[in-house]
Number of protein chains: 2
Amino acid sequence: MKKSKGNLASRPRLSDVANAAGVSLGAASKALSAPDAVRPATLRAVRRAVESLGYIPSGAARALASRSTGMVGVVLPTINNPVYATFVHELQKTLARQGLHLLALAHEYDRESEIRLIERLVSRSVDALIMIGTDHDDRTTSLLKKIGMPHVHCWSSDKAPRQGALGFNNQAAMIKVVDHLADLGHKRVAMVGGETWNNERAQWRLRGVKKAAAVHKIELVEVATVPLTIAGGQIGYRQIDPVRNKITALICGTDLQAAGALHAARTEGVVLPDQLSITGFDDIEMAALLSPALTTIRAPIAELAVTTGNAIIGMLQGEGIPKSLSLPTELIVRQSTGRAPD
Amino acid sequence: MKKSKGNLASRPRLSDVANAAGVSLGAASKALSAPDAVRPATLRAVRRAVESLGYIPSGAARALASRSTGMVGVVLPTINNPVYATFVHELQKTLARQGLHLLALAHEYDRESEIRLIERLVSRSVDALIMIGTDHDDRTTSLLKKIGMPHVHCWSSDKAPRQGALGFNNQAAMIKVVDHLADLGHKRVAMVGGETWNNERAQWRLRGVKKAAAVHKIELVEVATVPLTIAGGQIGYRQIDPVRNKITALICGTDLQAAGALHAARTEGVVLPDQLSITGFDDIEMAALLSPALTTIRAPIAELAVTTGNAIIGMLQGEGIPKSLSLPTELIVRQSTGRAPD
DNA sequence: TTGTAAGCGTTATCAG
DNA sequence: CTGATAACGCTTACAA
């Protein structure tokens with residue numbers, strides 16, 4: 001039951017390579033990190049030695065000496081949501097081109113957890129940090145400032161600071177949804193949204209709905225606060241019970257919730273969109289496959305990931321904090337919305 | 001444009017903590033790693049110093065000295081597939097309980113890429129490694145053996161070695177699918193599968209289909225090899241063109257492919273399952289939400305993740321290589337399969 | 001229990 | 001361009 005010593009047991013080290021190549025440690029080091037700064041003969045000898053010994057550098061030693069790990073950290077709500085999985089996917093691809101690895105940690109929507117995870121990433125000496133959302137604990141904010149860790153905030157651009165926030169406008173997107181429903185003649189709607197505590201994306205989406213509803217004189221009958229999952233959407237549907245309550249449109253905070261609500265409605269035999277319209281947010285791949293296919297907001301997740309990755313790369317190259325950016329969203333009208341019944 | 005020095009610029013070090021607490025470096029170190037091994041007074045002083053200085057340990061230094069990083073690596077095909085996202089999700093939760101972090105890298109189904117990623121994880125000194133599948137390059141296998149890195153293989157238990165392979169039986173699962181279709185009277189079927197090169201999961205699934213088809217005297221008319229994605233499923237559907245070719249059942253290698261095929265069929269106005277039955281594999285959450293809901297194999301991904309996590313934890317505690325394990329799969333019959341048309 | 005000091009494997013500095 | 005040598009910040013015997 002004793003703790004393993006890890007695996008560094010007896011790997012060849014750089015000094016072994018240097019010996020085998022007949023050069024000094026310094027020369028060997030340089031041959032690997034700056035191949036152009038050594039004589040071709042030296043380079044060749046070192047490379048051959050590396051090859052024959054099967055040398056693999058020690059990241060820990062390298063990190064300690066160079067003060068850089070080549071890892072960037074990202075703290076996100078959960079990986080178990082296609083929208084974040086896609087983000088991570090694209091981010092990894094972008095960072096990998098620069099030899100950077102992504103260390104992704106999920107806090108499962110728990111604030112204390114987020115604080116701890118960020119400390120862990122700091123402890124692991126990631127070179128930069130990516131956070132989802134603009135709303136974070138003061139301890140986190142001050143920690144990052146204190147140690148000068150490069151970081152960006154992702155996802156929402158609603159009322160974001162001038163620097164370091166990349167995302168899209170949640171409120172404006174939701175307004176498009178409500179405008180669409182207004183066009184279809186809906187007068188009584190309800191929302192299935194996420195917890196707004198510590199989640200400004202959910203907050204702005206809700207605000208967008210309220211604002212646009214007021215403009216169009218649409219009655220927002222109820223707002224259910226449920227998990228941002230398929231199961232959450234089902235719960236929200238049952239809680240609101242739209243048909244019985246003469247609600248003609250259900251606005252969901254995410255596609256996952258919409259998928260759950262849609263499924264619950266179909267299970268109860270409700271005809272969509274004749275009896276009830278349902279909208280989502282994100283436009284995950286699955287949205288188009290549901291039946292009826294989901295009317296939703298396309299959130300520019302892949303672009304966001306690429307933009308974020310490049311911003312991080314830029315910061316690591318000393319370019320400073322990127323100026324904030326708001327990417328466009330788009331209303332995608334499919335078959336889950338239709339004219340309001342009488 | 002000069003390269004950033006990283007962020008370790010001027011963080012307090014353990015020696016600062018020791019000074020502030022009025023104890024030696026060694027005592028401070030011990031207070032943090034083995035709180036029970038120091039006097040309460042010392043512990044308190046150190047903790048107070050940590051608190052007031054905002055000390056966060058250097059993972060790099062710790063890793064270098066202790067030969068252990070507290071990170072476990074996982075190399076998987078892609079994170080952009082719910083089945084792997086769920087696996088990572090559960091794995092993270094399991095490992096986190098022991099203070100271990102997961103470093104996940106995706107090779108996007110490219111063998112050379114996988115080799116390099118594993119080298120990178122070795123270089124990063126992960127304490128252990130998780131690989132998807134049992135079929136890996138010799139270079140990888142010999143590297144891991146040479147350096148003695150603890151590792152396990154996940155996903156398939158078909159013809160797996162006695163040790164270190166955790167998964168389920170892909171062939172047996174597919175046989176259940178074909179048995180089910182045979183019961184429904186299907187005589188001409190086709191498969192939409194994944195590339196079998198370097199992917200024994202896809203291989204065994206295909207073999208399962210062939211084997212069971214032979215037993216039941218079912219004709220396997222065509223096998224389309226397409227990407228393991230929704231788009232791949234759509235391509236596979238069009239390639240096979242089941243209705244025109246009088247194929248009554250389409251067996252898909254994954255739920256994602258099945259979702260794509262199902263959507264393609266519906267787009268063409270094919271009535272499911274009256275004209276055509278479609279089956280999936282994995283039972284991702286979305287499978288139950290499609291219409292018709294997908295008949296599929298439930299792969300025990302969450303259990304696999306927990307089992308894997310615990311196996312890794314065990315190995316890190318010196319328990320040795322776990323013996324191989326085969327978790328049960330289950331045929332989930334929903335509405336996408338029905339009696340074969342005449 | 002605590003303090004001392006020797007590594008851990010690189011990078012980086014600075015003479016040669 | 002190369003080669004010693006000093007960091008890097010922590011863990012871990014070993015001695016006190």
Side-chain angles (χ1 to χ4, degrees), chain A residues 2-46 49-50 53 55-70 122-125 127 147, chain B residues 2-46 49-50 53 55-70 122-125 127 147:
Chain A
K2 68 173 189 302
K3 211 154 196 179
S4 158
K5 277 296 178 184
N7 64 293
L8 291 124
S10 57
R11 273 160 51 187
R13 319 171 270 188
L14 189 51
S15 62
D16 298 325
V17 171
N19 284 150
V23 302
S24 78
L25 181 61
S29 174
K30 230 155 300 176
L32 295 181
S33 58
D36 303 322
V38 299
R39 239 186 332 180
T42 304
L43 181 56
R44 232 174 301 133
V46 171
V50 164
L53 291 174
Y55 169 74
I56 294 182
S58 156
R62 197 199 284 264
L64 185 56
S66 71
R67 294 134 175 290
S68 140
T69 54
V122 168
S123 176
R124 289 224 181 283
S125 304
D127 292 344
I147 65 176
Chain B
K2 67 176 190 303
K3 211 152 196 181
S4 158
K5 276 297 178 181
N7 65 292
L8 291 122
S10 56
R11 271 160 52 187
R13 318 170 274 186
L14 189 53
S15 62
D16 298 325
V17 170
N19 284 148
V23 302
S24 76
L25 182 62
S29 174
K30 231 155 298 176
L32 295 180
S33 59
D36 303 321
V38 299
R39 243 185 329 179
T42 305
L43 182 56
R44 233 174 299 133
V46 170
V50 165
L53 291 174
Y55 170 74
I56 295 182
S58 156
R62 196 200 285 264
L64 186 55
S66 70
R67 293 133 175 291
S68 139
T69 54
V122 169
S123 176
R124 289 223 181 285
S125 304
D127 292 344
I147 66 176

Tyr55(A) vs Leu14(A) side-chain heavy atoms within contact, under 4.5 Å: yes

Value rounded to 0.5 Å, distance of OG in Ser58(A) from CZ in Arg67(B): 9.5 Å

Expected output: side-chain Thr42(B) to main-chain Val38(B) donor-acceptor under 3.5 Å: no

Phosphate-side-chain proximity, Arg67(B) and dC10(D), N/O vs OP1/OP2 below 4.0 Å: no

Close side-chain approach of Val50(A) and Leu32(A), heavy atoms under 4.5 Å: yes

Side-chain heavy atoms of Val17(B) within contact of Val23(B), under 4.5 Å: no

DNA chain D-proximal residues of residues 23-34 of chain B, any heavy atom under 4.0 Å: Leu25(B), Gly26(B), Ser29(B)

Closest-nucleotide ordering on DNA chain D, the 5'-leading residue of Asp36(A) and Tyr55(B): Asp36(A)

Whether Asp127(B) side chain and Gly70(B) backbone form a donor-acceptor pair below 3.5 Å: yes

Arg124(A) CZ to dC10(D) C1', straight-line distance once rounded to whole Å: 15 Å

Side-chain N,O (Arg39(B)) to OP1/OP2 (dT1(C)) below 4.0 Å: no

Separation of atom CZ in Arg11(B) from atom C1' in dC10(D), rounded to whole Å: 12 Å

Nucleotide nearest Leu14(A) when distance is taken to its side chain, options dT10(C), dT2(D), dG9(D): dT10(C)

Arg13(A) side-chain proximity, nearest of dC8(C), dT11(C), dT2(D): dC8(C)

Phosphate contact (dT10(C) OP1 or OP2) by Arg62(A) side-chain N/O below 4.0 Å: no

Counterpart residues, side-chain contact (heavy atoms from CB on, under 4.5 Å), relative to Ile56(B) (two or more places apart): Glu119(A), Val122(A), Ser123(A), Leu143(A), Arg11(B)

Side-chain (Arg124(A)) to main-chain (Thr69(B)) donor-acceptor, under 3.5 angstrom: yes

Spacing of Leu64(A) atom CG relative to dA7(D) atom C1', expressed in whole Å: 9 Å

Thr42(B) vs dT2(C): side-chain N/O to OP1/OP2 distance below 4.0 Å: yes

Which residue lies more 5' along DNA chain D, comparing Gly22(A) with Ala65(B) via nearest heavy atoms: Gly22(A)

Atom pair distance, as rounded to whole Å: CD1 in Ile56(B) and P in dC10(D): 11 Å

Nearest non-hydrogen partners of Ala61(A) and Leu64(B), listed with the distance: CB-CD1, 3.8 Å

Axis deviation across the helix from dT1(C)-dA16(D) to dG16(C)-dC1(D), five-pair ends, to the nearest 10°: 30°

